[in-house]
Student: 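My questions will all concern the structure given below.
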Amino acid sequence: ATKPELWKDFFKSRFKDAHITACTIVLNNKSLVETLVRRRKLLLQLQDMLPVEELYDEHDLENSARKCAPVPCWKKLFCFASDAKVIVKAIYKEDKLIQKQSQKKFNVSKVFITFETQYEQRQVLRELSVTKGDKLRFKGIMLKASRPTEPSDIRWDDLSDSRIAQFAQRLLTAVISVAIIAAAFFFVRYVRGKNMLLAPVVITLLNILSPAIVSVLTSFESHPSETSNTTSRYLKLTMLRWMFTAVLTTLVTPFTDTLQDGESLIFAISIQFCLDLVRLPLLRLLDIMGNLKRHVLGPRAKNQRHMNAYFQGDNFDIGERYTEVTRILFLACFYGTIYPVAFFFTYMILTMMYCLDKYSILRTWKQGPKIGSYISTFSTNFFLLIALAYTFMASNYYINFPFDNACEMGESEAPSNYVGTHCAQIDDMDVERFNISITSDDRTHSFCNQKFNRRSFLPLRYYQSEGDKYVTDSQESFSTFYRWVCVIVLLLVSVTLFFKIAINFVISLFCERCQSSAEVMDNTFSDIPERVGYVPKVNIPGYNFPFLICNIDNIDESLVGWCDPKKSYDHNNMIFDVPTVASAVTINREKKREPKRKPKLKSTHHNHHVKCTTENVEISLENEPLENEPVIHEPKAFINEPQAFSIVKEWAPVRKLNLITI
């Protein structure tokens with residue numbers, strides 16, 4: 001059903017007093033949209049190659065290509081740049097593909113219904129949540145209704161992808177993320193073997209590059225909304241940064257180097273916190289790329305479009321900011337038991353991060369899509385995992401203290417043949433010889449492997465042979481408390497996460513259409529000053545404004561949500577890139593402009609009966625028959641547009657009168 005009137009009649013016939021203000025029918029035309037996007041990118045490349053103030057002629061691209069400057073050899077070699085003639089051939093190839101794809105019949109994937117009042121919306125969703133049977137069937141198809149997200153949150157070009165395809169894409173990117181972590185582990189271990197001081201620097205660089213790596217991975221995923229896309233970025237970025245910052249440092253550090261003087265784990269952690277303390281204000285306040293774009297590249301831009309792009313701020317990613325916060329907290333809780341100064345560093349870093357984020361939001365970052373509070377709610381799960389990691393690491397660090405693989409032997413005094421001063425040298429190490437003095441009061445120790453307990457996930461009980469006992473009596477007694485705390489925290493976190501998942505699953509099955517208990521607003525949709533409708537669009541890098549992928553002749557232009565002050569919406573509407581659709585829209589517009597001849601009716605007697613209530617207005621007319629009634633000339637019929645793009649239509653609101661006096 002690609003006619004909005006059918007959906008309007010469907011809801012009006014089943015739900016009393018439900019006024020439909022707008023209807024958006026989304027088609028499964030992703031292949032066509034992707035081809036149109038590629039064509040626009042090629043046209044942008046051609047435009048950038050033309051001289052300043054010279055625009056390409058879409059009807060004579062060969063002539064425009066002859067005006068383009070030749071591409072240098074170094075750009076062809078290193079940037080894989082193409083000549084203007086090659087770009088024109090690619091555009092013609094895309095035109096043929098567009099003409100072929102536009103003739104296909106696309107099915108309906110989603111339908112967005114906009115009601116005039118919030119009360120009508122909640123009333124319909126409430127009835128749909130408890131109604132079964134024919135009331136949910138539209139032409140024999142069972143409908144699944146739910147409250148959509150904000151229009152700016154929807155990714156219109158990904159709405160038609162199936163859930164199986166989305167799951168496969170996310171599984172593949174997750175496997176690649178694990179492979180990246182494994183490669184980073186071997187690289188950091190190699191660097192630490194060369195120079196221990198370089199390992200924290202490499203980890204800091206990996207944290208800086210993590211957002212770019214995750215952006216490349218998520219670009220291969222399909223998400224129906226920006227909230228879903230941000231959540232996927234949040235998960236991958238958190239996994240990478242937690243592993244890079246805390247876990248890799250522990251894995252690459254030898255067990256006996258945890259607390260020793262010099263190149264120890266404590267020293268590496270302190271360097272990591274100091275780098276974070278310096279890196280955040282240095283990169284954010286200097287804003288090297290932002291200042292370079294605004295003060296160097298922007299004033300020297302070849303056209304206004306390039307200048308506007310240079311003066312746009314960086315994207316604000318709420319998921320990336322939550323990842324940075326949880327990374328610092330995870331690092332502090334992971335090593336807080338053996339390095340308590342980490343909590344002081346965390347306080348300073350989080351305070352500084354708050355000030356820097358506030359400055360960036362007000363000064364440098366541009367406004368992102370309205371994604372709601374889902375990311376904030378979702379991030380609470382990671383705080384539970386941080387608390388769980390703290391209890392486990394505290395138990396492991398306490399029981400493995402002092403990290404020396406030395407177990408005290410039963411003899412109370414050192415053997416007589418060991419007493420004295422000895423000259424020693426460590427094999428396979430570039431260390432000079434040193435003296436060791438042993439007295440009769442020194443205790444004897446033997447080697448025992450503590451590494452097994454270090455790798456144990458849940459230290460409930462420790463098995464130690466008589467000769468390898470390294471845990472003191474005080475450690476053993478106090479570790480009992482830690483072991484039970486670990487069990488209790490694990491149960492609490494597991495139960496909390498289980499109930500969260502179970503509740504969300506039940507809501508998605510039975511109460512997906514249930515609404516919040518917040519107070520209903522009295523404003524109508526048509527009276528909102530800055531209203532935004534569900535108008536399909538797609539963003540293309542390099543352009544200052546989005547591109548529409550639907551005909552907006554049947555809606556008010558205020559529903560689009562943005563406006564180019566110099567050009568009309570047709571310039572940023574890709575339906576005009578399809579010749580058959582463009583010609584049909586042009587013909588229908590000309591027919592709309594044709595004047596309508598209104599007949600002059602003869603004066604006659606009419607009996608009027610008007611009945612008005614606060615709910616509706618009933619009007620009946622009793623007219624006497626007219627003599628020689630003139631014929632009304634109907635306008636020419638409109639031609640049907642090819643159903644290659646989504647359909648959007650808006651209806652005028654029904655104004656209810658409170659009182660009529662006749």
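If you're wondering where the values come from, they're calculated on a predicted model, not measured in any experiment. Here, residue 1 is the first one in the sequence, and each next residue gets the next number.
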Student: Just wondering, more than 12 heavy atoms not from Ile288 lying within 6.0 Å of its CD1?
Tutor: no

Student: How many angstroms lie between CE in Met307 and CZ in Arg294, if you round to the nearest 0.5 Å?
Tutor: 13.5 Å

Student: Looking at CZ of Arg284 and CG of Asp287, how far apart are the two atoms once the value is rounded to the nearest 0.5 Å?
Tutor: 9.0 Å

Student: Which pair of heavy atoms, one from Ala644 and one from Asn29, lies closest together, and at what distance?
Tutor: O-ND2, 2.9 Å

Student: Only pairs at least two apart or in different chains count here, so list each salt bridge (charged side-chain N to carboxylate O under 4.0 Å, His left out) that has a residue in residues 217-227.
Tutor: Arg155-Glu226, Glu221-Lys236

Student: Run the side-chain contact (heavy atoms from CB on, under 4.5 Å) check on Ile180 and Ile213 step by step: do they pass?
Tutor: CA-CA 9 Å; Ile180 292 174; Ile213 296 173; 3.7 Å; yes

Student: Rounded to the nearest 0.5 Å, how far apart are OH of Tyr322 and CG of Asp317?
Tutor: 12.0 Å

Student: Judged by atom type as modelled, is there a donor-acceptor pair below 3.5 Å linking the side chain of Glu116 to the main-chain atoms of Thr21?
Tutor: no

Student: Tell me, which pairs form a salt bridge (charged side-chain N to carboxylate O under 4.0 Å, His left out) where one or both residues lie in residues 80-90, sequence neighbours left out?
Tutor: Lys76-Asp83

Student: Is a donor from one side chain sitting under 3.5 angstrom from an acceptor on the other, for Asp357 and Ser360?
Tutor: no

Student: Do Val648 and Pro536 make a side-chain contact, defined as non-hydrogen atoms from C-beta onward lying under 4.5 Å apart?
Tutor: yes

Student: Would Asn308 and Gln312 satisfy side chain to side chain donor-acceptor pair (under 3.5 Å), going step by step from the backbone distance to the final call?
Tutor: CA-CA 6 Å; Asn308 294 340; Gln312 289 183 354; over 6 Å; no

Student: What salt bridge (charged side-chain N to carboxylate O under 4.0 Å, His left out) pairs are there with at least one residue in residues 568-578, not counting sequence neighbours?
Tutor: Arg39-Asp577, Arg40-Asp577, Asp570-Arg589

Student: Just checking Ile164: does its CD1 atom have more than 12 heavy atoms from other residues, nucleotides or ligands closer to it than 6.0 angstrom?
Tutor: no

Student: Between Ser64 (side chain only) and Asp57 (backbone N and O only), is there a donor and an acceptor less than 3.5 Å apart?
Tutor: yes

Student: Does anything in residues 295-308 pair up under salt bridge (charged side-chain N to carboxylate O under 4.0 Å, His left out), and if so which pairs, sequence neighbours excluded?
Tutor: Asp48-Arg305

Student: Please enumerate all residues that pass salt bridge (charged side-chain N to carboxylate O under 4.0 Å, His left out) together with Lys537, with sequence neighbours excluded.
Tutor: none

Student: Determine which pairs satisfy side-chain hydrogen bond (donor to acceptor under 3.5 Å, both in side chains) with at least one residue from residues 96-115, sequence neighbours left out, and list them in order.
Tutor: Thr35-Gln101

Student: Please report the interatomic distance CG(Leu44) to CD1(Ile87), rounded to the nearest 0.5 Å.
Tutor: 10.0 Å

Student: Got Thr218 and Thr173 here, is their nearest side-chain heavy-atom distance under 4.5 Å?
Tutor: no

Student: Check Asp158 against Gln166 and note the closest heavy-atom contact, atom names and distance.
Tutor: O-NE2, 4.1 Å

Student: Is there a donor-acceptor contact under 3.5 Å linking the side chains of Asn572 and Lys567?
Tutor: no

Student: Can a donor-acceptor pair be found, under 3.5 Å and without considering hydrogens, that links the side chain of Ser232 to the backbone of Ser228?
Tutor: no

Student: Check whether Gln47 reaches the backbone of Glu54 with its side chain - one donor and one acceptor, N or O, closer than 3.5 Å.
Tutor: yes

Student: Keeping to residues at least two apart or across chains, list the ring pair (Phe, Tyr, Trp, His ring centres under 6.0 Å) pairs with something in residues 542-592.
Tutor: Tyr543-Phe547, Phe545-Trp562, Trp562-Tyr569

Student: I'd like to know if the side chain of Asn291 and the backbone of Leu286 have a donor-acceptor N/O pair within less than 3.5 Å.
Tutor: yes

Student: Between Lys8 and Trp651, is there a side-chain heavy-atom distance shorter than 4.5 Å?
Tutor: yes

Student: May I ask you to check whether His223 and Arg170 show a side-chain donor-acceptor distance below 3.5 Å?
Tutor: yes

Student: Check whether any side-chain heavy atom of Leu548 sits under 4.5 Å from a side-chain heavy atom of Val560, and report yes or no.
Tutor: yes

Student: Taking the side chain as every heavy atom from C-beta outward, state whether Phe11 and Phe115 have any atom pair closer than 4.5 Å.
Tutor: yes

Student: If only side-chain N and O atoms count, and only distance matters, is there a donor-acceptor pair under 3.5 Å linking Arg327 with Thr238?
Tutor: no

Student: Could you go through the side-chain contact (heavy atoms from CB on, under 4.5 Å) check for Leu55 and Leu50 one step at a time?
Tutor: CA-CA 7 Å; Leu55 300 177; Leu50 288 170; 5.8 Å; no

Student: Considering non-hydrogen atoms only, spot the tightest contact between Met49 and Ala84 and give its length.
Tutor: CE-N, 3.6 Å

Student: Are more than 12 heavy atoms from other residues, nucleotides or ligands located less than 6.0 Å from atom NZ of Lys366?
Tutor: yes

Student: Asp564: which residues meet the salt bridge (charged side-chain N to carboxylate O under 4.0 Å, His left out) condition with it, sequence neighbours left out?
Tutor: none

Student: Which atoms form the tightest heavy-atom contact between Phe645 and Met574, and what is the distance?
Tutor: CZ-O, 3.9 Å

Student: Are Thr149 and Tyr374 close enough that a side-chain donor and a side-chain acceptor fall under 3.5 Å?
Tutor: no

Student: If every non-hydrogen atom of Phe311 is compared with every non-hydrogen atom of Gly298, which pair is closest and at what distance?
Tutor: CE1-CA, 4.0 Å

Student: Strictly by ring pair (Phe, Tyr, Trp, His ring centres under 6.0 Å), give each pair with a member in residues 70-112 just once, sequence neighbours left out.
Tutor: Phe112-Trp156, Phe112-Tyr534

Student: Within the 4.5 Å heavy-atom criterion, are Ile647 and Cys550 side-chain neighbours or not?
Tutor: no

Student: When rounded to the nearest 0.5 angstrom, what is the spacing between CD1 in Ile113 and SG in Cys23?
Tutor: 3.5 Å

Student: Only counting residues at least two apart or in another chain, list the ones meeting salt bridge (charged side-chain N to carboxylate O under 4.0 Å, His left out) with Arg241.
Tutor: Glu320, Glu324

Student: State, yes or no, whether a side-chain contact exists between Leu61 and Leu46 at a heavy-atom distance under 4.5 Å.
Tutor: yes

Student: If you define the side chain from C-beta out and look only at heavy atoms, does anything of Val214 sit under 4.5 Å from Leu240?
Tutor: yes

Student: Checking Asn551 side chain against Val585 main chain: does a donor-acceptor pair fall under 3.5 Å?
Tutor: no

Student: For the pair Glu650 (side chain) and Asp556 (backbone), establish whether a donor and an acceptor sit closer than 3.5 Å, ignoring hydrogens and angles.
Tutor: yes

Student: Measure across Ile375 and Gly319 and return the closest heavy-atom pair with its distance rounded to 0.1 Å.
Tutor: CG2-CA, 4.2 Å

Student: Looking at residues at least two apart in the chain, or sitting in another chain, which of them share a side-chain hydrogen bond (donor to acceptor under 3.5 Å, both in side chains) with Asp314?
Tutor: none

Student: Glu5: which residues meet the salt bridge (charged side-chain N to carboxylate O under 4.0 Å, His left out) condition with it, sequence neighbours left out?
Tutor: Lys649

Student: Go through the steps to decide whether Val71 and Ser82 satisfy the test side-chain contact (heavy atoms from CB on, under 4.5 Å), and finish with yes or no.
Tutor: CA-CA 7 Å; Val71 181; Ser82 303; over 6 Å; no

Student: For side-chain contact (heavy atoms from CB on, under 4.5 Å), just list the numbers for Val108 and Thr2, CA-CA rounded to whole Å, side-chain angles, deciding distance to a tenth of an Å, and then say yes or no.
Tutor: CA-CA 7 Å; Val108 178; Thr2 57; 3.9 Å; yes

